[in-house]
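Keep in mind that the numbers below use all heavy atoms, side chains included, and drop hydrogens, waters and symmetry copies. All of these numbers come straight from a predicted model, not from anything done at the bench.
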Amino acid sequence: QVQLVESGGGLVQAGGSLRLSCAASGSIFSITSMGWYRQAPGKQRELVGDMERSGSTNYADSVKGRFTVSRDNAKSTVYLQMNSLKPEDTAVYYCNVLAKGWGSWTVREYWGQGTQVTVSS
């Protein structure tokens, strides 16, 4: 079983910064990708940004230039550095990992518990 533990959410004023962390643990053989999604009230869950095994990244247009996804492969941890935060960034942020566990032939999807990010005006 693979577990994802998120941390770093909270309340911040517009223009401020936060860094989210997501640590994967358990019987992990390899990780295909690690990234972040978010869901605001009344909206669909959307991709914020992720990083593939190659190191290439993908970002939502709304966060490009403000958010950065990084990872520490040795620690199986992915980070989301959020700068110049806006009220519209307010949402629950979920860590997402695609990984193979030991003894598994398939890539499985795992989700963190979610962490609230609130940006005040």
| Roughly how far apart are Ser30 OG and Arg53 CZ, rounded to 0.5 Å? | 5.5 Å
| So which of Val119, Thr118, Thr90 actually passes side-chain contact (heavy atoms from CB on, under 4.5 Å) with Leu85? | Val119
| task | Please confirm whether the backbone N or O of Ser104 pairs with a side-chain atom of Arg108, one donor and one acceptor, at under 3.5 Å? | result | no
| said: So, applying side-chain contact (heavy atoms from CB on, under 4.5 Å) with Val97, which one of Ile28, Ile31, Val2, Asp50 is it? | reply: Ile31
| request: Taking all heavy atoms of Ala40 and all of Ala91, pick out the closest pair and write down the distance. | output: N-CB, 3.8 Å
| task | Indicate yes or no: at least one non-hydrogen side-chain atom of Met51 is less than 4.5 angstrom from one of Arg71. | result | yes
| said: Are there over 12 heavy-atom neighbours, none belonging to Gln44, within less than 6.0 Å of that residue's CD? | reply: no
| field | Student check: side-chain heavy atoms of Gln81 and Leu18 closer than 4.5 Å | value | no
| message | Before we go on, tell me: are the rings of Phe67 and Trp36 under 6.0 Å apart, centre to centre? | response | no
| note | Nearest heavy-atom approach of Lys100 to Trp105 is CE-O, 4.2 Å
| query | Roughly how far, to the nearest 0.5 Å, is the OG atom of Ser33 from the CG atom of Asn96? | reply | 6.0 Å
| query | How about Thr68 and Leu80: do any of their side-chain heavy atoms sit closer than 4.5 Å? | reply | no
| message | If you define the side chain from C-beta out and look only at heavy atoms, does anything of Thr115 sit under 4.5 Å from Ser7? | response | no
| Within a strict 4.5 Å, meaning less than it, do heavy atoms of the Tyr79 and Asp72 side chains meet? | yes
| task | Establish whether Val69 and Leu4 are linked, either directly or via other cluster members, by ILVMFWY side-chain heavy-atom contacts under 4.5 Å. | result | yes
| field | Student check: side-chain heavy atoms of Met82 and Val63 closer than 4.5 Å | value | no
| Are Asp61 and Lys64 close enough for a salt bridge, meaning some N to O gap below 4.0 Å? | yes
| Tyr37 with Val92, same ILVMFWY side-chain cluster at under 4.5 Å | yes
| Taking the side chain as C-beta and beyond, is there a heavy-atom pair between Arg38 and Lys43 under 4.5 Å? | no
| task | State the CD-OG distance between Glu46 and Ser62, to the nearest 0.5 angstrom. | result | 5.5 Å
| Are Tyr59 and Val117 co-members of a hydrophobic cluster defined by side-chain heavy atoms under 4.5 Å apart? | yes
| Are Ser17 and Asn83 linked by a side-chain donor-acceptor pair shorter than 3.5 Å? | yes
| task | Enter the distance from Gln113:CD to Cys95:SG here, rounded to the nearest 0.5 Å. | result | 9.0 Å
| For Tyr93 against Glu6, the heavy-atom pair lying closest together | O-OE1, 2.8 Å
